[in-house]
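Notes for the one structure printed next.
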Amino acid sequence: MTLQRNSIVRLVLTAASAAALGVSLCAASGPVRVIFDTDMGNDVDDALALGILHALESRGEAKLLAVTVTKDNPYAAALVDVIDTFYRRGEIPIGMVKQGKTPNESPMIRVPCERKNPDGSLVYPRRMALGAAPDAVAVLRQVLSHEDDASVTLVQVGFSTNLARLLDSRADAISSLTGMQLAAQKVRLLVTMAGHFPPSEPEYNVATDIPSAQKLFAAWPSPVVFSGFEIGQALLFPARSIEQDFSWVRDHPVVDAYRNYMHMPYDRPTWDLTAALYAVRPEAGYFSLSPKGTVRVDEKGNTLFTASADGKHRYLILNEAAKARTLEALILLASQPR
Ligand SMILES: [Ca+2]
């Protein structure tokens, strides 16, 4: 009886504190259902972030529903395929932008995909042939249409191309709902690595596709949390971890991507990693949150925040006291054995 009463009291307190934070307790009832939208290949943090989402899925905290790509180079989707397959989840749908930004190739995505064993087989097998990934908007519509209402967390760590096009999409054979309706019904939270708070100069993900970012942040119907440039910049992923913490396996595609992105050893900001971590563990205290408000993207790609009680946008604020703990979590998850 006493135990039961304690449980009820605890539940009420938890509900009260969740309400104060403006979050739903529904998310705590199972793994966070995630769609990861990435410009894999423009920087190595996308690869580390995808590894972290897989580690969180292995721990029962997340479920990767799909990965969609905004970098318009076939090796971008191929490296996603390689990483998913490495973590033994090669069945995860992958969608590819068409006529998208940054079509340039980069060693970070090409080299791991092409590495061969002495017998000629690929070091990192993958599921799809190069260039075979279906259209990202179709994948987003397909996956969202099969999910429960208010159940999906979107993590966007590249340009806004795919999600802006999703909003523009009409009812079709996949779903009788428009893209806007799918976003409003199915998505509970969009977490994006985008912008600067306060603005100093246009941030890469926003500046690369300004019209899409303007559309997305003006029209997206669910709450949005931004991880600004300054967050990842303050938490550097150490080269030391790449060199020491992945020795449980001889070949790791994220390590290969890291070694082929820049000349080792280098520490790299954890931009996309912070968005992935917050999306799955929003209540872990790694970051503080700004008040509610609205982020407007100007014609140069600056992100201008105006506080308002009914605003849907918030941005992460670095929690100085939690910095060491947050970086440790990122390192442990990125290097966690599969
Ligand atoms: Ca990125």
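Counting starts at 1 for both ligands and their atoms, in listed order.
With rounding to the nearest 0.5 Å, the separation of CD1 in I83 from NE2 in H252 is 8.5 Å.
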For residues 299-309, run the donor-acceptor check on the side chains, cut-off 3.5 Å, and write out each pair with its distance to 0.1 Å, sequence neighbours left out.
unit_1 : atom_1 : unit_2 : atom_2 : d
N302   : ND2    : D298   : OD2    : 3.0
T303   : OG1    : H196   : N      : 3.1
T303   : OG1    : H196   : O      : 3.2
S308   : OG     : G311   : N      : 3.3

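The salt bridge (charged side-chain N to carboxylate O under 4.0 Å, His left out) search around D251 returns R115, not counting sequence neighbours.
Around the Ca ion (ligand 1), protein N, O or S atoms at a distance under 3.0 Å total 5; waters are neither shown nor counted.
Every pair passing side chain to side chain donor-acceptor pair (under 3.5 Å) that includes a residue from residues 59-73 is listed here, sequence neighbours excluded: D37-T68, N42-K71, R59-E61, R59-Q336, E61-R281, K71-N104.
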Let's go through V80 and F36 carefully: what are the C-alpha distance in whole Å and the side-chain angles of both, what is the deciding distance for side chain to side chain contact (heavy atoms under 4.5 Å, CB included) to 0.1 Å, and is it a yes or a no? CA-CA 10 Å; V80 170; F36 184 59; over 6 Å; no
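Taking the six-membered ring wherever Trp is involved, the centroid distance between the rings of F197 and F229 does not fall below 6.0 Å.
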